[in-house]
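Notes follow once the structure below has been shown.
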Amino acid sequence: MTNNDIVQKLWNLCDVLRDDGINYSDYVTELVLLLFIKMVHENTEAGTLKKHPLPEGCRWTDINGKSGINLLNDYKRILLSLSTGKDGDGTLVHDDPLISAIYADAQTRLREPRHLEQMIKTLDQIDWFSAQKDGLGDLYEGLLEKNANETKSGAGQYFTPRALINTMVNCLKPQPGERIQDPAAGTAGFLIAAHEYIKSQTDELYELSDKDKTFQTTQAYVGIELVPGTRRLALMNCLLHGMEGDAEGVVHLGNALGQTGAGLEKADVILANPPFGTSKGGDASITRDDLTYKTSNKQLAFLQHIYRNLKPGGRAAVVLPDNVLFEAGVGTEVRRDLMHKCNLHTILRLPTGIFYAQGVKTNVLFFTKGSATDKYQEENCTEHVWVYDLRINMPSFGKRTPFGDKHLEPFEKVFGDNPNGQSERKEGEYSFHSDATELPEHSDENEGIDPRLAHSRWRRFSRQWIAEHKGDSLDISWLKDSDSVDAANLPEPTVLAGEAMGELVQALGELDALMRELGAEEEADGARVLLQEVMGDVK
């Protein structure tokens with residue numbers, strides 16, 4: 001049984017549990033609570049359990065084989081003990097902070113014992129030896145992706161497409177010994193991808209010293225997540241990928257725009273996809289007093305946190321909506337500050353339809369603290385911004401047309417091997433029509449350039465040009481949508497209206513003939529009279 005088979009088998013259980021009032025997101029949480037107990041059991045049986053043993057009375061053998069109300073009651077007792085660290089009479093049963101974090105306020109929403117029994121039996125039927133060989137982390141991420149793609153669950157709002165995560169990591173190239181952060185961790189996709197990238201570059205970490213291995217598993221990665229339920233998923237995800245974190249785990253519970261974020265150490269690498277939207281109730285959730293530019297726009301606040309929290313020479317890749325690129329006022333001030341303190345070397349304009357929030361237009365900003373030649377420089381660090389347009393003339397992505405690695409490979413190629421965006425680059429390396437001779441008629445961005453570049457997805461713009469021509473807006477677009485209509489070439493409105501009326505009369509005539517063939521002459525006559533009255537009013 002492959003991991004995909006296991007994912008589908010476990011996911012199918014959700015349809016059964018819906019009879020118990022369990023929705024998709026609740027089901028994933030229910031599965032996490034059971035899955036951790038099962039994983040500890042399997043690792044104990046295999047002799048591979050090194051940390052986080054479960055206390056007596058809270059193990060798989062304490063629920064496996066039971067049924068009825070006794071099973072459900074025992075399971076509720078186990079969840080309470082794992083959450084509080086104490087049993088019913090107040091006796092300490094464990095003092096493992098990570099277990100307490102995973103089971104914080106854990107409660108089952110199952111009301112029917114038979115449904116719990118069915119979940120237990122299904123987990124017992126799986127070949128866990130094969131699953132562990134293929135990677136339990138990949139299996140678990142498959143479930144999270146299923147949940148994100150099921151739009152009814154609403155989970156896609158914190159799930160970044162795997163292909164995009166991998167591209168951002170591939171471009172930044174995290175290294176062993178670096179501190180890697182995500183201030184809006186979600187289910188920890190960025191942190192895990194960074195960990196997997198480093199493993200792939202260092203022969204599964206075997207090349208590292210014991211000290212360096214310990215750093216990688218316990219200190220290298222830190223995430224912040226505001227929602228307790230999402231953090232639970234993230235902690236489980238990290239553990240299944242061999243990432244321990246500190247006493248609180250890899251992902252800490254808190255608000256990156258509050259004191260939790262203010263207390264973070266400086267990072268070498270930051271990867272993030274901050275939540276969309278504004279702070280509810282004004283700036284209630286943005287309590288930082290160390291951010292220079294006050295705003296209720298959470299993305300602008302997150303962006304400030306990120307470039308401020310980089311070490312000199314540190315690098316970041318951040319997913320941000322279009323409004324961050326063009327918003328006036330504070331938005332302009334934040335962009336100027338970013339380009340002063342960092343080398344904003346690359347912007348990737350993403351296609352629509354790849355996130356849960358349909359229609360939201362997003363970008364990835366790649367930047368390095370300091371300039372290309374001096375990591376301690378704090379002013380005028382950006383000299384040029386390279387823009388890759390992956391939005392115009394792209395398919396409409398969704399379930400039928402999934403967004404994947406093949407769509408991002410050309411961008412990775414032109415980005416180059418240097419994680420600070422300093423690889424040798426050439427405009428027009430990826431174009432629509434390399435033999436194009438005519439410029440699109442719109443856009444200041446195309447003034448005075450080689451006509452072929454107007455059809456390229458890959459362009460360079462100087463910091464001076466951005467200031468003089470765009471007023472420090474970074475909403476830079478030069479391509480012409482092949483499906484767009486040039487309003488300048490449209491006929492007069494009266495001509496368009498006449499054409500529409502002609503088509504309408506023809507269609508109604510065909511409908512009149514059909515009604516008469518069906519024997520509805522009286523209704524057809526009435527419709528004809530009504531049409532004549534309408535036509536008269538229009539004239």
Side-chain angles (χ1 to χ4, degrees), residues 168-169 171-174 178-185 190-191 194 222-224 255-275 286 288-327 329-348 362-387 418-422 463 466-467 472-475:
M168 292 166 66
V169 170
C171 289
L172 291 195
K173 293 178 170 45
E178 291 187 319
R179 293 189 180 276
I180 301 163
Q181 293 178 1
D182 182 352
F190 282 115
L191 298 175
V222 175
I224 303 294
N255 181 8
L257 302 182
Q259 292 312 303
T260 304
L264 284 174
E265 293 187 43
K266 298 291 185 181
D268 296 286
V269 176
I270 298 180
L271 295 143
N273 178 8
I286 305 175
R288 295 276 291 273
D289 56 7
D290 61 333
L291 299 180
T292 305
Y293 304 101
K294 306 302 179 184
T295 176
S296 61
N297 183 320
K298 287 190 290 187
Q299 294 84 39
L300 288 174
F302 267 108
L303 181 57
Q304 289 185 75
H305 162 79
I306 290 167
Y307 68 75
R308 289 170 59 94
N309 215 54
L310 286 173
K311 294 178 181 179
R315 54 204 187 279
V318 190
V319 180
L320 293 165
D322 271 16
N323 71 283
V324 172
L325 272 59
F326 61 72
E327 186 171 306
V330 174
T332 302
E333 296 296 327
V334 171
R335 291 190 297 274
R336 285 174 181 161
D337 195 44
L338 167 67
M339 288 187 281
H340 269 309
K341 292 183 170 64
C342 299
N343 177 20
L344 174 63
H345 51 79
T346 310
I347 297 175
L348 169 61
T362 55
N363 315 266
V364 184
L365 272 59
F366 295 85
F367 50 89
T368 302
K369 193 71 168 283
S371 71
T373 56
D374 183 0
K375 66 180 182 181
Y376 294 104
Q377 186 174 328
E378 293 188 355
E379 290 188 357
N380 303 316
C381 291
T382 299
E383 295 184 6
H384 296 93
V385 179
W386 289 80
V387 183
N418 188 296
N420 296 307
Q422 300 307 304
R463 175 71 184 89
I466 292 171
D472 285 329
S473 166
L474 293 170
D475 186 27

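Heavy-atom basis, side chains included; hydrogens, waters and symmetry copies ignored.
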query = Checking salt bridge (charged side-chain N to carboxylate O under 4.0 Å, His left out) for the pair Asp268/Lys369: CA distance, chi angles, key distance, verdict?
reply = CA-CA 10 Å; Asp268 296 286; Lys369 193 71 168 283; over 6 Å; no
message = Quick one, Asn380 with His340, criterion side chain to side chain contact (heavy atoms under 4.5 Å, CB included). Give me CA distance, side-chain angles, the key distance, then yes/no.
response = CA-CA 4 Å; Asn380 303 316; His340 269 309; 3.2 Å; yes
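For Phe302, there are no ring-ring contact (aromatic ring centres under 6.0 Å, His included) partners two or more places apart in sequence or in a different chain. Under the side-chain contact (heavy atoms from CB on, under 4.5 Å) criterion, Thr292 pairs with Gln304, Arg308, not counting sequence neighbours. Residues that satisfy the side-chain hydrogen bond (donor to acceptor under 3.5 Å, both in side chains) test with Gln377, not counting sequence neighbours, are Ser371. With sequence neighbours excluded, no residue forms a side-chain hydrogen bond (donor to acceptor under 3.5 Å, both in side chains) with Lys375. Contacts of Gln422 classified as side-chain contact (heavy atoms from CB on, under 4.5 Å), with partners at least two apart in sequence or in another chain: Asn343, Ala372, Asn418, Asn420. Shown here are the side-chain hydrogen bond (donor to acceptor under 3.5 Å, both in side chains) partners of Asp289, two or more places apart in sequence or in another chain: there are none.
Heavy atoms only, all atoms of each residue included: Thr260 and Asn255 are closest at CB-O, 3.5 Å. The shortest non-hydrogen separation linking Ser473 to Ile466 is O-CG2, 3.7 Å. Contact record, Gly313 with Thr368: O-CG2, 3.7 Å, taken as the closest heavy-atom pair. For the pair Pro274 and Leu320, the tightest heavy-atom approach, listed with the atom from each and the gap, is CG-CD2, 4.4 Å. Considering every non-hydrogen atom in both Ala301 and Leu291, the closest pair reads O-CD1, 4.0 Å. Heavy-atom minimum distance, Leu300 versus Gly331: CD1-CA, 3.8 Å.
With rounding to the nearest 0.5 angstrom, the CD atom of Glu327 is 12.0 Å from the CG atom of Asp322. Expressed to the nearest 0.5 Å, how far CG of Asn309 lies from CG of Leu264 amounts to 5.5 Å. Interatomic distance, OG1 of Thr362 versus CG of Asn323, reported as 11.0 Å (0.5 Å rounding). Here the straight-line distance linking atom CE of Met168 with atom CG of Leu365 works out to 9.5 Å at 0.5 Å rounding. Atom CG of Leu338 is separated from atom OH of Tyr293 by 10.5 Å, given to the nearest 0.5 angstrom.
Although no hydrogens or angles enter the test, the distance criterion places a donor-acceptor pair under 3.5 Å between the side chain of Arg288 and the main chain of Ala256. Judged purely by atom type and a 3.5 angstrom limit, Arg315 uses its side chain to pair as donor or acceptor with the backbone of Lys173. Proximity of a side-chain donor or acceptor of Gln181 to a complementary backbone N or O of Val269 within less than 3.5 Å is not detected.
Salt-bridge check for Lys311 with Glu178: failed, with every basic side-chain N at 4.0 Å or more from each acidic carboxylate O.
Looking only at side-chain heavy atoms (C-beta outward), Val324 and Asn363 stay at 4.5 Å or farther from each other. Counting heavy atoms from C-beta on, the side chains of Lys266 and Leu310 never come closer than 4.5 Å. For the pair Leu474/Met339, a side-chain contact is recorded, criterion being any heavy-atom separation below 4.5 Å from C-beta on. Contact annotation: the side chain of Lys294 never approaches that of Val330 to less than 4.5 Å [non-hydrogen atoms, C-beta and beyond]. Taking the side chain as every heavy atom from C-beta outward, Val222 and Arg179 never approach each other to under 4.5 Å. With contacts defined as side-chain heavy-atom distances shorter than 4.5 Å, the pair Tyr307/Ile270 does not qualify. By the 4.5 Å heavy-atom criterion applied to side chains, Asp290 and His305 are not counted as neighbours.
Enclosure of atom CD in Gln259 by more than 12 non-hydrogen atoms of other residues, nucleotides or ligands within 6.0 angstrom is indicated.
With Phe367 as the partner, the side-chain contact (heavy atoms from CB on, under 4.5 Å) test is satisfied by one option alone out of Thr346, Val385, Ile306: Ile306. Exactly one residue among Lys341, Arg335, Glu333 makes a side-chain contact (heavy atoms from CB on, under 4.5 Å) with Asp337. That residue is Lys341.
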